[in-house]
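Working notes for the structure below.
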Amino acid sequence: MPHQRLPLRFRLRRLYVTVMFAVMGRALQALSEVDRQSRREITALPHGFVFELTVMPDGPGLAVEHTGNGHLVYHRQPAGPVDLSIRFKHISHAFRVVAFQEKTAVSFASERMVVDGNIAFAVRLTRVINRMETFILPRALAKRAVKEYPSDLPITEKATTAARIYLRILTHPAGTPRTQ
Amino acid sequence: MNSQYYEFFCPVKVIAGHAALEHIPYELTGLGGSRPMIITDSRVRQAGLLSPLLTACQEGGLEVVTIYDEVPPDSSTAVVRDIARVYREQDCNAILAVGGGSSIDTGKAVNILVSEGGEDLTQYSGAGILQKPLRPFVVIPTTAGTGSEVTSVAVITDEHKEVKLPFTSSFLLPDAAVIDPRMTLTLPPMITAATGMDALTHAIEAITGLGSNPLSNAYATAAIRMISQHLIAVMDHPRNTEGRLALAQAATMAGIAFSNSMVGLVHSLGHATGAICHLPHGLCMSLYLPYVLEYNLDRIRGPLGELLLPLEGAEVYATTRANERAEASIRAIRKLRDQLHERCDLPRTLHETGRVRRDQLDDIARLALDDGSILFNPREVTLNDTQAILQRAWT
Ligand SMILES: [Fe+2]
C-alpha cells in the first residue's frame with residue numbers, strides 16, 4: 001500500500017477515519033435494532049439495498065445492507081453491487097467530518113463528496129446517520145455534527161438508547177476494524 | 001467561516017441580447033455543427049417562435065435538417081428514443097433545443113443517445129456515467145425561469161416504470177445558451193409571473209442555503225435585482241423588450257447560481273406538490289417562498305436582510321434598521337406576490353389554487369422529506385415542520 005510511505009501523521013489520520021467508519025457502521029446496525037423511528041425511515045428502502053460510505057479512491061469505508069423490516073446489517077466492505085454510494089473525494093474531507101470539524105451536511109453541500117444512486121434514499125439515510133450521531137455522541141459533539149440538534153429528544157431517551165447502541169457495538173462479533 | 005470550501009463551474013457560453021439568434025449559425029459552425037436538428041414543443045411552434053430562428057439560420061447559411069416539435073410537458077424515454085432515431089436517419093450532427101425545461105432536458109437526453117450510441121437511455125441514468133463530451137448542443141430558452149440552459153442535470157420519465165430518471169454530468173451542459181428577447185416576448189402573463197417567481201426562488205435559495213458561496217451569491221444577487229426591477233413592469237407592458245431581456249438574463253444568472261449552490265426547502269415542497277397535485281413548478285415556488293423563509297429566518301437573518309437592497313432598492317434599505325431587514329425582505333416578496341395576484345390572479349395560497357385538497361397536505365409533507373434539495377436547507381426539516389408550513393401556506 002502506498003499509504004505506508006506517508007508520514008506518521010497521515011497514517012494516523014487514515015487509521016482514525018477507518019476506526020470511526022467501523023464504529024459508525026456498527027452503530028447504524030445497532031440503531032436499527034433499538035430505535036423504531038429509524039426503522040420507519042429504513043423500511044422504505046428495498047430489501048437487500050446496500051449503502052456505502054467510502055473515501056476515494058480505495059477506502060476506508062463502511063457498508064450497510066437493509067435486510068428487511070428496517071434492519072441494517074454492517075459490512076466492512078460491500079459483498080456485491082452497491083445501490084447507493086456516497087464517496088468523499090479525499091481522505092482529508094472524510095477526516096474533517098468524522099473529527100467533527102465540519103458538519104456532514106455542510107461537507108455534502110460544498111461538494112466534498114459524490115453521491116451516486118437514488119437521492120430520496122440518500123436523504124433518508126442522511127437522517128438516519130444524523131439520528132445515530134445525536135444518540136451516540138455527547139451533546140456538544142453532536143451539535144457540531146448535525147445541522148440541528150433535536151429540541152424534542154428527552155435526555156433519558158438519549159441516554160438509554162445510547163447505552164443500548166454502545167452495548168451492541170461492543171458485543172457484536174462482526175470482526176475488528178480494519179487497520180493498515 | 002474561514003474553513004469554507006466550494007466549487008463553482010459554468011462553462012456555458014452565454015449569447016445574450018438583441019439579434020442574439022442571428023449569432024447561432026456562426027456559433028454552431030464553429031463547434032462543427034453543420035447539420036442541426038431542432039427539438040422543441042408545440043407551444044413554441046404555435047407562438048411562431050421558430051420563424052425568426054429559421055430565418056436567422058437560413059440567412060447565415062446554416063441548414064436546419066429537421067424539426068421535432070412534439071416534446072410533451074413531461075418527456076419520456078420513448079420520446080427521447082424517437083427523436084434520436086430521427087436524428088440518426090437524417091444524419092444530423094448538432095442539436096438546437098428551443099423551449100422550457102422539458103424541451104431542454106429532452107435535448108440533453110437525446111444528446112446522450114446520439115453521442116454515446118444505443119437505444120436504451122436508462123443505462124446512462126445517475127451521476128458521472130458519461131466520460132466524454134457530447135455533440136454540439138445549443139439551447140434557446142423561451143420561458144425565463146427554469147435555468148435549465150445552465151444546469152448539468154436532465155430529468156426524463158421512464159416509460160415503463162413511471163419513475164423520473166435523473167441524469168447528471170457536466171457533459172450535459174450546452175455549449176451555448178442563446179438569450180434573445182424575441183423568444184419570451186409573447187409569454188402569457190401567468191407563465192411570465194410563475195417563471196419569474198421560479199427564478200427569484202432559485203436566487204434566494206442559492207444565497208440562503210448551505211451551499212451558498214461568493215461566486216454564486218454574486219450571480220444570485222444580480223438576478224434578484226433584475227427581477228425586482230422588471231417583473232411588474234413586464235406584467236404591465238408585456239411587449240417591453242428591455243424588460244423581457246432583463247428577466248431572461250436574470251433567469252440564466254439565477255440558474256448559474258443555483259446549479260452551483262443548489263436549492264432548498266421551497267423546492268422540496270414544490271416538487272412534492274407538483275407530483276401530487278400537478279401544479280406548475282413556478283406557481284409552487286411562489287406559494288411557498290415566504291413561508292419557508294419565515295421558517296428558516298433565524299438561520300438566514302444576515303444574508304436575507306442584505307437582500308433587501310436588491311429587492312427594494314437603496315432608499316428602503318437605508319431607512320430600514322439592520323435588525324429588521326430580513327423581515328422587510330420577506331414583506332417585499334409578499335408584496336410582489338400581491339402585485340402579481342392583482343395582475344394575473346397568480347394564487348398566493350394553496351387554497352386559492354383550487355387544485356389542492358386539504359387531505360393531500362399530509363402526503364405533500366411526507367413526500368417533501370424525500371426530496372434531495374432538503375439536504376441543502378439551512379435547518380434540519382422534520383415532518384412536523386413541513387406539516388406546519390403547509391398549514392400556513394393553505395390560507
Ligand atoms: Fe425551480
Side-chain angles (χ1 to χ4, degrees), chain A residues 37 40-41 43-46 56 81-90 92-93 95-97 99-131 133-134 142-153, chain B residues 1-9 125-129 152-153 155 163-170 205-206 208-213 216 259-265 267-268 271-272 275 295-296 298-299 366-385:
Chain A
Q37 186 176 327
R40 263 203 304 269
E41 293 274 13
T43 311
L45 309 177
M56 288 179 174
V82 173
D83 298 286
L84 170 71
S85 83
I86 299 184
R87 288 176 294 165
F88 285 97
K89 292 177 181 174
H90 192 272
S92 68
H93 305 337
F95 179 78
R96 290 179 60 78
V97 168
F100 312 108
Q101 294 172 357
E102 186 167 84
K103 292 179 195 295
T104 316
V106 171
S107 182
F108 178 71
S110 41
E111 299 182 63
R112 291 198 201 264
M113 29 181 147
V114 181
V115 180
D116 198 359
N118 183 314
I119 293 293
F121 295 153
V123 175
R124 269 173 194 273
L125 281 160
T126 314
R127 275 198 293 270
V128 175
I129 291 173
N130 281 343
R131 193 161 167 83
E133 287 174 335
T134 48
K143 277 187 162 171
R144 294 169 61 173
V146 301
K147 254 197 258 182
E148 197 163 337
Y149 192 84
S151 53
D152 56 350
L153 181 64
Chain B
M1 197 190 319
N2 56 8
S3 64
Q4 195 198 14
Y5 166 90
Y6 67 91
E7 296 178 3
F8 185 92
F9 184 64
S125 173
I129 311 277
S152 53
V153 184
V155 179
V163 292
K164 295 196 168 189
L165 299 172
F167 300 83
T168 313
S169 164
S170 54
E205 292 212 289
T208 54
L210 284 186
S212 121
N213 66 71
S216 284
S259 60
N260 283 284
S261 54
M262 308 310 283
V263 286
L265 180 58
H267 273 78
S268 314
H271 293 150
Y295 165 75
N296 283 329
D298 284 343
R299 296 296 177 89
R366 283 173 202 281
L367 191 58
L369 289 181
D370 277 345
D371 191 84
S373 41
I374 214 159
L375 291 170
F376 301 92
N377 196 68
R379 283 189 65 183
E380 183 73 51
V381 188
T382 66
L383 182 61
N384 284 340
D385 297 336

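Order of the sequence lines fixes the chain letters, A, B, ..., with proteins taken first and strands second; residue numbering starts at 1 for each chain.
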Next on the checklist: Taking every non-hydrogen pair under 4.5 Å, which of A:Val115, A:Asn130, A:Asn118, A:Asp116 racks up the most with chain B?
Outcome noted: A:Asp116
Checklist entry - What option among B:Asn377, B:Ile374, B:Leu369 has the most heavy-atom pairs under 4.5 Å with chain A? => result B:Leu369
Next on the checklist: Closer than 3.5 angstrom, by distance alone: can the side chain of B:Glu380 be matched with the main-chain N or O of A:Glu148 as a donor-acceptor pair?
Outcome noted: no
Item to check | Any donor-acceptor pair under 3.5 Å from A:Lys147 side chain to B:Val381 backbone | outcome: no
Checklist entry - Looking at B:Ser261, B:Ala127, B:Ser125, which one has more heavy-atom pairs under 4.5 Å with chain A than the rest? => result B:Ala127
Checklist entry - Which atoms of B:Pro378 come close to chain A, meaning under 4.5 Å heavy atom to heavy atom: side chain ones, backbone ones, both, or neither? => result backbone
Item to check | Spatial distance of atom CG (B:Asp370) from atom CD1 (A:Ile119) [nearest 0.5 Å] | outcome: 11.5 Å
Next on the checklist: Which atoms of B:Asn384 are under 4.5 Å from chain A, going by heavy atoms: the side chain, the backbone, both sets, or neither?
Outcome noted: neither
Checklist entry - Just checking heavy atoms, which of residues 120-128 of chain A are less than 4.5 Å from chain B? => result A:Ala120, A:Val123, A:Arg124, A:Thr126, A:Arg127
Checklist entry - What distance separates A:Glu102 CD from B:Tyr5 OH, expressed to the nearest 0.5 Å? => result 10.0 Å
